[in-house]
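All heavy atoms count here, side chains included; hydrogens, waters and symmetry mates do not.
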Amino acid sequence: MRYLIVQDWLSTSGNHAGMRHMCELLLQKYPNDYEVYVKECSKVWDLQLNGTFFRTFGNRLKRYIINKREKYYAKGLYIELCKPMLAKLKDGDEVFLLEYMQPDVSQYELACYIRKRFPAIKIYALSHLTCKFFKERENKEADFIFKWAKPVDKLLTLGSSLSEYFKEVGIPEEKISTGFHYVDSDYYHKNTELKNHEPITIIAMGALQRDYLMLAEIVKTCTAVHWIICRGRKDVDYLFPKTDNVELKGFLLEDELYHQMDIADISLNIMEDTVGSNVITTSMAMGLAIVATDVGSIRDYCDESNAVFCQNSVKSIVEAINSIIWDEEKIYKMKKSSIRKSLELSIDRVDGWFKSLSY
């Protein structure tokens with residue numbers, strides 16, 4: 001039996017994306033091979049997402065205190081959650097920790113507990129944080145990666161950039177396995193005919209670490225296209241021109257976001273780093289051409305057949321957009337390529353990857 005231990009996050013909870021949904025797909029398709037244990041969302045994250053609770057300094061202090069308390073108690077929560085699994089673990093079983101090296105929801109204690117109590121059990125630990133995250137921790141805790149790697153048999157990644165980083169810091173190559181970020185193509189697929197829109201429409205999604213000042217400058221410069229800016233709950237409307245070619249969307253339910261992707265042509269992705277991205281994979285499955293900063297593991301997912309790569313600057317991004325928006329045949333071919341490439345990111349291949357680890 002393969003036991004999947006996963007953290008639910010509010011950003012993807014109930015959606016057809018994220019690690020929890022991946023586990024549910026594996027369980028549905030291969031019920032005799034998998035068992036899933038889910039740590040539900042924390043109410044603290046819910047408060048943070050709603051935003052208004054933590055706008056004052058006093059409430060930000062409350063958030064800090066609550067988060068510290070959450071982290072303290074979280075250390076034992078996974079062991080408590082997995083008691084039914086721990087009661088029946090046997091030789092030949094495998095445990096997959098799917099939110100590893102994330103101190104906020106630490107699965108490290110569970111890994112150590114299993115290693116001590118069940119030394120013959122294989123433990124595989126997936127980290128889908130970026131290299132940037134680990135580099136920023138280096139001065140705080142130099143042995144962080146080695147400490148967390150010790151109790152597991154393999155570190156799993158969703159992109160070659162993180163695998164290479166682990167090797168650079170001294171993790172043996174045989175202890176690393178590079179996979180990929182899946183996409184649920186039963187949900188994420190074109191609902192309308194694959195065609196170009198008039199004018200060409202660019203959608204920008206994903207609010208984490210978004211540089212809205214830079215995005216606003218790009219929007220002001222690229223006036224020949226229609227823009228759909230998914231800003232979530234960010235109060236940034238004042239940055240963007242109030243013109244007919246710019247739509248600003250607040251928080252969208254998944255079906256609403258799906259519709260916006262379905263009526264767009266290009267997905268713009270300005271990133272400082274990436275390993276595996278829901279935005280990239282779902283954009284590809286929805287038949288969007290990709291414009292993306294050339295960072296991290298982006299080329300594990302995209303190539304010149306479906307994407308234009310650029311540097312993280314207004315000038316480079318504008319040049320990338322202008323290089324394709326006047327060539328509708330090229331955009332159409334890029335969109336077809338995105339769909340074709342997204343079919344390689346199926347749940348069946350995830351199952352194949354997981355099963356290959358024990359060979």
Side-chain angles (χ1 to χ4, degrees), residues 11 49 51 132 192 194-274 277-296 298 301-302 304 306-332 334-335 338:
S11 58
L49 191 63
K132 183 174 182 289
T192 56
L194 185 65
K195 63 179 181 180
N196 294 340
H197 297 87
E198 181 60 43
I200 293 297
T201 298
I202 301 178
I203 186 168
M205 300 170 283
L208 290 178
Q209 297 182 336
R210 169 77 59 78
D211 186 340
Y212 282 100
L213 283 170
M214 176 185 285
L215 181 58
E217 287 304 308
I218 294 164
V219 169
K220 291 172 186 175
T221 305
C222 298
T223 57
V225 300
H226 187 80
W227 287 94
I228 301 172
I229 309 297
C230 300
R231 59 162 175 76
R233 293 184 170 90
K234 296 284 187 179
D235 183 16
V236 294
D237 291 25
Y238 67 95
L239 294 174
F240 294 87
K242 295 176 175 58
T243 52
D244 291 342
N245 72 315
V246 179
E247 292 183 65
L248 290 157
K249 302 290 183 181
F251 175 77
L252 299 175
L253 296 175
E254 186 180 29
D255 286 350
E256 296 169 330
L257 182 60
Y258 175 100
H259 171 68
Q260 298 302 322
M261 297 169 76
D262 200 35
I263 60 174
D265 300 289
I266 298 170
S267 173
L268 175 62
N269 298 271
I270 306 171
M271 305 170 291
E272 292 183 358
D273 198 356
T274 186
S277 163
N278 278 320
V279 174
I280 293 291
T281 55
T282 56
S283 292
M284 290 166 59
M286 291 299 294
L288 299 178
I290 307 294
V291 173
T293 44
D294 195 359
V295 294
I298 185 65
Y301 297 86
C302 301
E304 281 78 4
N306 76 315
V308 177
F309 301 104
C310 54
Q311 301 306 307
N312 202 342
S313 69
V314 172
K315 182 176 183 292
S316 181
I317 295 164
V318 169
E319 287 175 352
I321 292 170
N322 285 334
S323 72
I324 57 172
I325 60 172
W326 309 109
D327 189 340
E328 294 204 10
E329 183 180 355
K330 182 175 183 178
I331 291 178
Y332 184 75
M334 291 172 70
K335 294 165 79 170
S338 278

Using side-chain contact (heavy atoms from CB on, under 4.5 Å), reason through Lys335 and Asn306 one step at a time and then give a plain yes or no. CA-CA 6 Å; Lys335 294 165 79 170; Asn306 76 315; over 6 Å; no

Give me the atom names and distance for the closest heavy-atom approach of Val291 to Ile324. CG2-CD1, 4.0 Å

Roughly how far apart are Thr293 OG1 and Met271 CE, rounded to 0.5 Å? 4.0 Å

In sequence, state the C-alpha distance, the side-chain angles, and the governing distance for Ile321 and Ile202, and then conclude on side-chain contact (heavy atoms from CB on, under 4.5 Å). CA-CA 9 Å; Ile321 292 170; Ile202 301 178; 3.7 Å; yes

State, yes or no, whether a side-chain contact exists between Leu239 and Leu213 at a heavy-atom distance under 4.5 Å. yes

Could you tell me if the side chain of Tyr332 sits less than 4.5 Å from the side chain of Leu194, heavy atoms only? yes

Enter the distance from Glu217:CD to Phe240:CZ here, rounded to the nearest 0.5 Å. 10.0 Å

Min side-chain heavy-atom separation Val219-Ile229 under 4.5 Å: yes

Pairwise side-chain contact, Leu215 with Ile317, heavy-atom cut-off 4.5 Å (strictly under): no

Could you walk me through whether Ile298 and Ile280 pass side-chain contact (heavy atoms from CB on, under 4.5 Å), step by step? CA-CA 9 Å; Ile298 185 65; Ile280 293 291; 3.7 Å; yes

Do Cys302 and Met284 touch side chain to side chain, with heavy atoms closer than 4.5 Å? yes

Between atom CG of Asn196 and atom NZ of Lys330, what is the distance when rounded to the nearest 0.5 Å? 13.0 Å

Verdict with supporting geometry, Ile228 and Cys230, side-chain contact (heavy atoms from CB on, under 4.5 Å): CA-CA 6 Å; Ile228 301 172; Cys230 300; 4.2 Å; yes

To the nearest 0.5 Å, how far apart are CD1 in Ile331 and CH2 in Trp326? 10.0 Å

Is there a side-chain contact between Lys242 and Asp237 in this structure, where contact means two heavy atoms from C-beta onward sitting under 4.5 Å apart? no

Measuring from atom NE2 of His259 to atom CE of Met286, what distance do you get when rounded to the nearest 0.5 angstrom? 10.0 Å

For Ala224 and Pro199, work out which heavy atoms get closest and say how close. O-CB, 3.9 Å

For Met205 versus Leu257, what's the shortest heavy-atom pair and its separation? SD-CD1, 3.7 Å

Grab the two heavy atoms, one from Asp235 and one from Tyr238, that are nearest each other, plus how far apart they are. O-CE2, 3.3 Å

Where at least one partner belongs to residues 249-261, residue pairs that pass salt bridge (Lys or Arg N to Asp or Glu O under 4.0 Å), sequence neighbours excluded: Glu247-Lys249

So which heavy atom on Glu319 is nearest to which on Lys315, and how close? OE2-NZ, 2.7 Å

CG-CD1 distance between Asp265 and Ile325, expressed to the nearest 0.5 angstrom: 11.0 Å

Can you give me the closest heavy-atom contact between Ile290 and Ser338, atom names plus distance? CG1-OG, 4.1 Å

Would you find a donor on one side and an acceptor on the other, under 3.5 Å apart, between the side chain of Asp294 and the backbone of Gln311? no

Using only atom types and a distance under 3.5 Å, with no angle test, would you say the side chain of Ser316 pairs donor to acceptor with the backbone of Asn312? no

Flag side-chain contact, heavy atom, 4.5 Å: Ile263 against Thr192: no

Listed partners of Phe309 passing ring-ring contact (aromatic ring centres under 6.0 Å, His included), at least two apart: none

Any non-hydrogen side-chain atom of Met334 less than 4.5 Å from a side-chain atom of Leu288? no

Tell me, please, which residues at least two apart from Asn245 pass side-chain contact (heavy atoms from CB on, under 4.5 Å). His226, Trp227, Thr243

